[in-house]
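All remarks here apply to the structure that follows.
We name chains A, B, ... by the order of the sequence lines, and we start the count at 1 in each one.
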Amino acid sequence: MTGRRSAFGEDLFGSDAVDAVDGASTDQSPVVGDLVGGGAGTVAARRFDGRPVDLEGVTEDFAASLQDRSGDEPLNVDVPLVIGDGDGAGVLEPQRVHSVDDVDARQSRTVGDLRSGDGAGGEHDQGNGTEANHHRESIWTTIPPWSKWLTGALGLLAVVALAFATFQPVQVLPRIRLAPGFSFVDQAGAGFTSDDARGDVVLYGFAYGECGADCEPHLQTMAEVASRVEAETDLGDVDLRLVTVSFDPARDATRLPELAAAAGADGERWRWVTETDEESLRTVLSSGFELFYTEIDGGSYRFDPRFVLVDGWGVIRGEYRYSTLAGDADKIIRHIGILGEELRNSKGAASIAYEAAHLFLCYP
Amino acid sequence: MTTSPIVVTTRRRWERLAYVAVGLLGVAVALVAFRPHTFSGAVIQSPSPAPALEGLTFHDGRPAELWRFDGDVTLLFFGYTHCPDICPTTLAAVARAKEHMGSDGERVHVVMVTVDPARDTADDLESYVTHFDPSFLGATGTAQALRSAATVYGIHVEVGEGTVDSGYTVDHTASLIAIDTDGFVRVVYPTDVAPDALASDLEELLG
């Protein structure tokens, strides 16, 4: 075991001026964690792993490279110093001590960074320590350590929020607007109102009996969704209804059963409906579902073919214009699945994650 | 040369743990402080402003222009003065929610749009809605204008059998619709929303 005499003389620090040298991280120095100047006679050292380290001295070369924060160099060190291992097993060479950073200004008014190296300046050049840098570092080093941790924690939170918005671990469908209130009559002559649909997920589509090829995509998509949705989605206790609304009540009101049968609508999951009051129907479809349709020559209609997905609250969650999109059935079924997951899982604490997903627009 | 004793030690382990604890506490506080408010109704993120009540007037004769309430919150309800149950229950709950809010309640405007224009005159509406709170407003208009307003707000209306003399009921969707300070429909409440929960939501909407 080598001697325990301190070799950091007053010329370098002054024991009163140096109370502590904090913040040396292990990647900055494999040896020194904190240097703490204490009362007379107390000389002790520990590694980060708890083993002791004695500070005996520093070699002359090392001492010559020490600088103070203002860039004055070298500090006047009279006595060559060597850093020794506490158990005497070996001498810790100054080259291994690359730096001791973050001296708290309250703890030392004298020393900023201590850097060892190969001569003046070493690998960490301190020679450009301007007054501005000095001032900035002083401000930084006066920030309490706990606030740095808090800043780090908030930064981590921001990263998590960004990752949530980017990677979308929870997806939701947008809550677009209220679906309209209506009172239709279905293929069986029974009433079907917007209140009847509450609590169920409903996919609305729009067609008319004499539509022909223009409505083929609608009929095919409805049939495909009806046949696949059971196997590919899980809505829990919520039912899915498919509703085709005829906007040609004058001709279709009396032949809804025929139209429904031809389309394969069973009247349970998939039904055809209309309203005989054309003015009310137009208000529902145009103002409520935002469907464009207008009668043209020969009893035909020009219309904007679309589907509208509505949740059990009567809120529109998806709108699909199949004239511009391919694979509507796949997309609609996938969206019904997402809606089902939200309905099943958005309860209790998990509802916060779903609200966050709406907040961060985690839409498919 | 004068020598001074120097102690070299690692940062004490408990001190680091304390910093970690402070950091975790900060995260927890941030999570609580910034967590999304959970509304008691269905939240809507409509990209379009709330539909106008075209052709309707308040019971005092002013046009029912909801945009005049921008900066405040508006609660819209569709009902009628002969309503036996759900309308008075809902309006009473809204009145209690406003009371819970104290002075902030003055920034909540409550409008009941009639679904029974055949019987609900402006005077009837005034005496009915102000019975619950003097600030409440009734709105009426032509049957067509009222039907359009109900439709776009998702309200289904069905007039029952009977006449004005014999009496009848009107089945209607009894949702309570909150329009935020920017004039967008934000929340749709079920009929049984609790007054304190509603008050909390309204405070959130007021910001």
Point-to-point distance, once rounded to the nearest 0.5 Å, from [atom1] of [X] to [atom2] of [Y]:
X      : Y      : atom1 : atom2 : answer
A:L285 : B:T151 : CG    : OG1   : 10.0 Å
A:R198 : B:S175 : CZ    : OG    : 4.5 Å
B:S148 : A:E279 : OG    : CD    : 7.5 Å

A:V284, part contacting chain B, at a heavy-atom distance under 4.5 Å: both
Which atoms of A:D196 approach chain B - backbone, side chain, both or neither, heavy atom under 4.5 Å: neither
Heavy-atom pairs under 4.5 Å with chain A: which of [options] has the most?
options                     : answer
B:G41, B:A18, B:S46         : B:S46
B:L24, B:I155, B:I44, B:L25 : B:I44
B:T173, B:T38, B:V22        : B:T173

Proximal component of B:P190, with respect to chain A [non-hydrogen, under 4.5 Å]: both
Proximal component of B:V157, with respect to chain A [non-hydrogen, under 4.5 Å]: neither
Exercise: identify the closest heavy-atom pair between A:S194 and B:G154: OG-O, 4.4 Å
Does the side chain of [X] reach to within under 4.5 Å of the side chain of [Y], using non-hydrogen atoms?
X      : Y      : result
B:Q144 : A:T283 : yes
B:V188 : A:R175 : no
A:D195 : B:D171 : no

Exam field: side chain B:Q45 to backbone A:H358, donor-acceptor pair closer than 3.5 Å: yes
